[in-house]
Amino acid sequence: EVQLVESGGGFVQAGGSLRLSCAASGFTSDSYVIGWFRQAPGKEREGVICLKSRDFQTYRSDSAKGRFSIWSDDGMNSVYLQMDNLKPDDTAVYYCAAKYIYAFDTLLSMPDYEYDFWGQGTQVTVSS
C-alpha cells in the first residue's frame with residue numbers, strides 16, 4: 001500500500017518561503033506521479049505541481065509557475081515542494097498525492113480524481 005506523509009507546513013509572512021516534504025513508500029511499480037494539491041477554506045481542491053518518476057517530468061499549474069518548484073533527490077522516496085514569494089492566497093492545507101501511470105504518459109493536467117493515494121495534509125498559513 002502506498003503511504004504518503006507530508007511535513008514542513010507552518011506560518012510565514014507574505015514574501016517568505018516554505019519547503020514541504022512528502023515521504024513516499026509502498027509503490028509496486030516504478031511508473032507513477034507524486035503531486036501536491038491544496039485546499040483553501042471554502043474552495044475546491046486544486047492541483048499545484050507534480051513530478052513523474054523515471055524521467056522527472058513536471059507539471060505546474062498557473063498558480064505555481066515562477067514561484068513553486070518540485071524535485072526529488074533520492075529516487076522519489078522524498079518529494080519536496082519549494083514555495084517562494086508566498087502570498088496570503090497560498091494559505092491552504094497542502095496534500096501530497098500519488099497515482100500510477102503508464103511510462104509513456106505525459107503530464108498535461110492534475111485532476112484530483114485521478115490520484116488514488118493521499119497524505120493527511122499539512123497546513124500552510126501566509127500572513128499579510
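The figures that follow rest on heavy atoms only: side chains count, while hydrogens, waters and symmetry mates do not. If you're wondering where the values come from, they're calculated on a predicted model, not measured in any experiment.
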Mind checking whether Arg54 and Ser31 have side chains closer than 4.5 Å, heavy atoms only? yes
Side chain to side chain donor-acceptor pair (under 3.5 Å) involving Lys65 - partner list, sequence neighbours excluded: Asp62
Inspect the contact between Arg67 and Asp90 and indicate whether a charged nitrogen and a carboxylate oxygen are less than 4.0 angstrom apart. yes
Heavy atoms only: give me the nearest Gly9-Leu20 pair and the separation to one decimal. N-CD2, 3.5 Å
Besides Tyr113, the hydrophobic cluster formed by Ile, Leu, Val, Met, Phe, Trp and Tyr side chains linked at under 4.5 Å, directly or via other members, contains none
Does Met83 form a side chain to side chain contact (heavy atoms under 4.5 Å, CB included) with Val124? I'd like the steps, not just the answer. CA-CA 10 Å; Met83 302 184 291; Val124 172; 4.0 Å; yes
Any residue meeting ring-ring contact (aromatic ring centres under 6.0 Å, His included) with Phe56, in chain and number order, not counting sequence neighbours: none
Check for me whether the distance between the ring centres of Trp71 and Tyr80 falls short of 6.0 Å. yes
Name of the residue among Leu81, Thr58, Val33 meeting side-chain contact (heavy atoms from CB on, under 4.5 Å) with Leu51: Thr58
Give the minimum heavy-atom separation between Arg60 and Ile70, together with the two atoms involved. NH2-N, 4.5 Å
When you measure from the side chain of Gln120 to the backbone N and O of Val5, does any donor-acceptor pair fall under 3.5 Å? no
For Glu6 and Ser21: C-alpha separation, side-chain torsions, deciding distance, then whether side chain to side chain contact (heavy atoms under 4.5 Å, CB included) applies. CA-CA 6 Å; Glu6 304 98 333; Ser21 301; over 6 Å; no
Atom OG of Ser29 and atom OH of Tyr102: how far apart are they, to the nearest 0.5 Å? 10.5 Å
Using atom types as modelled and distance alone, determine if a side-chain donor or acceptor of Ser53 lies under 3.5 Å from a backbone N or O of Tyr32. yes
To the nearest 0.5 Å, how far apart are CZ in Arg38 and CD in Glu44? 13.5 Å
Atom CD1 of Ile34 and atom NZ of Lys52: how far apart are they, to the nearest 0.5 Å? 14.0 Å
Main chain of Pro88, side chain of Ser128: is a donor-acceptor contact present, judged purely on distance under 3.5 Å? no
Can you check side chain to side chain donor-acceptor pair (under 3.5 Å) on Ser72 and Asp74, steps first, answer last? CA-CA 6 Å; Ser72 176; Asp74 62 356; 3.2 Å; yes
Kindly check if the number of other-residue, nucleotide or ligand heavy atoms within 6.0 Å of CD (Gln123) is above 12? yes
Taking Ser78 for its side chain and Ala23 for its backbone only, find out whether a donor-acceptor pair lies under 3.5 Å. no
Quick one: OH on Tyr94 to CG on Leu18, what's the gap to the nearest 0.5 Å? 9.0 Å
Calculate, to the nearest 0.5 Å, the distance between atoms NZ and SG belonging to Lys99 and Cys50 respectively. 7.0 Å
What I'd like to find out is whether the side chain of Thr28 reaches to under 4.5 Å of the side chain of Tyr100, using heavy atoms alone. yes
Would you confirm whether Thr91, through its side chain, and Thr125, through its main-chain N or O, come within 3.5 Å as a donor-acceptor pair? no
Please give me the minimum heavy-atom distance between Leu4 and Ala24, naming the atom from each residue. CD2-CB, 3.7 Å
Once ring-ring contact (aromatic ring centres under 6.0 Å, His included) is applied, do any residues pair with Phe68, and if so which ones, sequence neighbours excluded? none
Please name all residues satisfying salt bridge (Lys or Arg N to Asp or Glu O under 4.0 Å) with Arg45, sequence neighbours left out, ordered by chain then number. Asp112
Take Trp36 and Cys96 through the side chain to side chain contact (heavy atoms under 4.5 Å, CB included) test and state the conclusion after the steps. CA-CA 5 Å; Trp36 288 94; Cys96 179; 4.2 Å; yes
Residue list, ring-ring contact (aromatic ring centres under 6.0 Å, His included) with Phe37, at least two apart or on another chain: Tyr115, Trp118
Please test Ser63 against Glu46 for side chain to side chain donor-acceptor pair (under 3.5 Å), starting from the C-alpha separation and ending with a verdict. CA-CA 10 Å; Ser63 61; Glu46 171 193 15; 2.9 Å; yes
Hey, could you give me the CD/CG distance between Gln57 and Leu108, rounded to the nearest 0.5 Å? 7.5 Å
Cluster question for you: counting only ILVMFWY and a side-chain heavy-atom cut-off of under 4.5 Å, with indirect links fine, are Phe117 and Tyr95 together? no
Step by step, work out the side chain to side chain contact (heavy atoms under 4.5 Å, CB included) result for Met76 and Phe27. CA-CA 10 Å; Met76 301 288 281; Phe27 291 101; over 6 Å; no
